[in-house]
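This report refers to the structure that appears directly beneath it.
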There are 2 protein chains.
Amino acid sequence: MDLRDHNGLTEKEFLAQYRAGDYERPSLATDMVIFTVTDTEADSYRRLPEKELRILLIRRGGHPYFGQWALPGGFVRPDETTEQAAARELQEETGVADVYLEQLYTFSDVGRDPRTWVISCSYMALISSDQMQLKAGDDADAAVWFKLTYRLLRERREVLEDGYAKTMEYELKLCAEGEELTAVVARTVTVRATSTATNYNILLSEGLAFDHAKIIACAMDRLRGKVDYTDIALHLMQERFTLTELQQVYEVILDKELLKAAFRRKVAHLVEETDHYTENAGHRPSRLYRRNWEGNR
Amino acid sequence: MDLRDHNGLTEKEFLAQYRAGDYERPSLATDMVIFTVTDTEADSYRRLPEKELRILLIRRGGHPYFGQWALPGGFVRPDETTEQAAARELQEETGVADVYLEQLYTFSDVGRDPRTWVISCSYMALISSDQMQLKAGDDADAAVWFKLTYRLLRERREVLEDGYAKTMEYELKLCAEGEELTAVVARTVTVRATSTATNYNILLSEGLAFDHAKIIACAMDRLRGKVDYTDIALHLMQERFTLTELQQVYEVILDKELLKAAFRRKVAHLVEETDHYTENAGHRPSRLYRRNWEGNR
DNA sequence: GCAATAGTGTCTATGAGACAATATATA
DNA sequence: TATATATTGTCTCATAGACACTATTGC
C-alpha cells in the first residue's frame, strides 16, 4: 500500500530513512539449563544403580564472578533467534543437535550483570546420558556435570492488607568432584484482590555466578511441573530402557518415591514394548521399552 | 575476593575499565495481550446476556504497518525489568495497577520488525470489565477492545524420516465497530527420535501488525491451558459474580460448552459464597460468589 | 401458568493410591 | 536356595461426564 504518514512518507521511504538508536539497547544473552541423568556405581552385583539428575556448569575464567560456576550460554547474534543461539551453544558445548529445547523465561532484573545491561532469555534442554560426550579441548573452558538436588526447605505465609504472600524456600545443591555449590531460592506467590503474581528471589548463592540460581530453580519448577502431564522425561532416557529406570528418573526429578503399579499404568501409553530384556542382573530380567511417539496424546 | 584475571585485574578494576559494545544489541520491547470479558446486550428481559472475550488493540499512526492494529506495548528502559515495563504500559493505557500479569514468551524472529533488530518479551494481562475504563485523550492513540475468537480450523499430520509433525491451524478473528481482522496461525509440534519442538507460524494476517497474531495465539493457548488447573479465570470476574457467569467465562475462553453440575463441583473451592443474590431477573435469583484466595490449592 | 435460569442428586466410567501376590534371573 | 527385582491383580477412593429432577422468580 502507499499510505503516507504525517511526514508524507510511504512505508518504503520511511524504512529507507529510519535510523535506530533512539532507545538505549540491552545486550541479549541466552543461558541454558542442560539436564541429563546418570547412573551411580552399583554397590552389589545384583543391586540396581541409582539415578542422579545433573546439569552442566562452566567455570568462569574471568571477571565478573571469576572462578565461580555459570550456566552455559552466550550472546545472541542479530541474524539468529534466541532459540537458534541456544541450539548453537548446545552444539558447541556438547556436540548434540537433535535435542529437546524449551524456552523458560526471560530475566531482566536491573543489575543482574555487573558489567552492563544484559537480559537473558533462558532455555532448558534435556539430553540422554549417552549423548553427553563433552567436546573436550575445543573450547578450553572447564565444563562439568554437577549432580543437582532441589528440596523444599521452608514454607512461609504472610498476611497482607488485601491478600497474602506464600513463600517456598528451596535449597539448591550442586555437587561434582570436590566442588559443592549451595543456593537458596525463594518462590513467592503474592495473592491480592485482583491479582496473583509469582516471584523468584535468591537468598543465598555460594559459587554460582550471576542470577543463575534463579534460572536453575525456574528450570526445576518447570521440569517438575511438566513431568507428570507430558512425556518430557522420556527425552532423558536412552533409546531403550526399563520401566524401573524410567520410574527412577521420575523419582529423582520429583524427589519423591512413587508406587510401582500406579506408575506403570500412568506411563503405559508413553512407551512401546520391545522384545529385548536386560541380562546378567542377579534377578528376573526386565523388559526393555522405547518411547512411543504417539503417546503424547 | 581479590582474584586477578589473566590481565592481572581485580574484579573492581575489571568493572571500572569494562566497556560494552563488543556485541551488536537489539532493541527490547514488551507487547501485551490484555484480556477482558464483556456482556452482550440481553435480547429479552429474562434472558441472560452472553459473555465475549476481548483484547485491547491500538491503531498504528505511523509506519511500519501504518493504519493496522497492534498490541499495546513499548520499549523497555534500562532501569526497569520487562515486567515493570509491561505494568507501566498497562497503567498508561488502562489506568489499572493491581492486575494479573504473566510473562508469555520472548519472540526474536529475524526480521519480525522491518525497521531494525527488535525482540519482544510478551505478557498476558487479565482484567475485569469494570476496570477497563480506557484513559481517553491522554495518549491520543485509537485503543479499541476487539472481540476475539480463536477456533481450530484444520489439523494436519506429516510423516518425517525419523518422526512426524502435527500441525493445528487456528483461525483468529478480531471484531470491533466495523473492523474485522482475520489471521490464521499454525502451531506445529515436531516429534523426532530424541526431541520434541513446538513452533508457531503465521499463515495469514489481515490488519494485524508485526507478528502479533502469533503473540495473541500464544496467549490464547496459555490461557486455555491454565484455565482448568488454576484459578486464573477469576481475574476476569468482577468482585461479585454468579456461578453461571463464571461458567460462561470458562466457556468463552475454551470455546466449548461445559456441564453445569460438573463445573460447579470443579470450581467450588475456588469461590466463596456471599449472602447476596441477583435481583429482577425474570427467573429464580442466583447466589453471588466472590473469589476464594485460598482456593488456589 | 410459563419461560428461563438456579441448584442438587445420582449413576457410571476412569484413574490414582495402596498393598498384595506371583514370577524369574544369578551367585 | 536366597536375594533382589519384575510384573500383574484388585480393592478403595476421588473426580469428571452425563443426565435428570426440583426450585424460584417476573410477567
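FYI, side chains are in, hydrogens and waters are out, and symmetry mates aren't considered; it's all heavy atoms of this structure.
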For A:R264 and D:dA6, give me the distance from atom CZ to atom P, rounded to whole Å.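 To the nearest whole Å, that distance equals 7 Å.
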What pairs with [X] under ring-ring contact (aromatic ring centres under 6.0 Å, His included), at least two apart in sequence or on another chain?
| X | answer |
| --- | --- |
| B:F241 | none |
| A:Y100 | A:H235 |
| A:Y150 | A:Y170 |
| A:Y289 | none |

DNA chain C-proximal residues of residues 238-260 of chain B, any heavy atom under 4.0 Å: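 Here the set is B:T244, B:K260.
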Using a 3.5 Å cut-off and no angle test, enumerate the donor-acceptor pairs between side-chain atoms of residues 275-283 of chain B and protein atoms at least two apart in sequence or in another chain.
unit_1, atom_1, unit_2, atom_2, d
B:Y277, OH, B:R287, NH2, 3.0
B:T278, OG1, B:S286, N, 2.8
B:H283, ND1, B:R46, O, 3.3

Distance criterion of 3.5 Å, no angle test: do you see the side chain of A:R265 paired donor-to-acceptor with the base of D:dG9?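 In this structure, the two groups form no donor-acceptor pair.
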Side-chain-base donor-acceptor pair under 3.5 Å for A:R47 and D:dA4: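 Flag unset: no donor-acceptor pair detected.
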Just jot down the side chain to side chain contact (heavy atoms under 4.5 Å, CB included) partners of A:A176, sequence neighbours excluded, or say none.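 Listed in chain order: A:V144, A:F146.
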Test of understanding: with side chain to side chain contact (heavy atoms under 4.5 Å, CB included), list the residues that count as partners of A:A261, not counting sequence neighbours.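 A:A261 satisfies side chain to side chain contact (heavy atoms under 4.5 Å, CB included) with no other residue.
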Find which nucleotide of DNA chain D each of A:A262 and A:T278 is nearest to by heavy atoms, and output the residue with the more 5' nucleotide.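 Between the two, 5'-proximity favours A:T278.
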Sugar-phosphate, base or nothing in reach of B:R287, heavy atoms under 4.0 Å: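 Result for B:R287 = sugar-phosphate.
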Could you check whether atom CD of A:Q238 has more than 12 heavy atoms from other residues, nucleotides or ligands sitting under 6.0 Å from it?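 It does: A:Q238 CD has more than 12 such atoms within range.
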Reading DNA chain C in the 5' to 3' direction, which nucleotide is the first one with an atom under 4.0 Å from a heavy atom of chain A, and which is the last?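 Here the contact window of chain A covers C:dA16 to C:dA27.
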For A:E272, what residues pass the side-chain hydrogen bond (donor to acceptor under 3.5 Å, both in side chains) criterion, not counting sequence neighbours?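 Once residues adjacent in sequence are excluded, the partners of A:E272 under the side-chain hydrogen bond (donor to acceptor under 3.5 Å, both in side chains) criterion are A:R290.
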So, taking the atom named CG in A:D98 and the one named OG1 in B:T196, what distance separates them when rounded to the nearest 0.5 Å?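 With rounding to 0.5 Å, CG (A:D98) is 9.0 Å from OG1 (B:T196).
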Which pairs with one or both residues in residues 247-262 of chain B pass salt bridge (charged side-chain N to carboxylate O under 4.0 Å, His left out), sequence neighbours excluded?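 Sorted result for residues 247-262 of chain B: B:R151-B:D255.
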Interface residues of residues 220-227 of chain B with DNA chain D (non-hydrogen, below 4.0 angstrom):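 Contacting residues: none.
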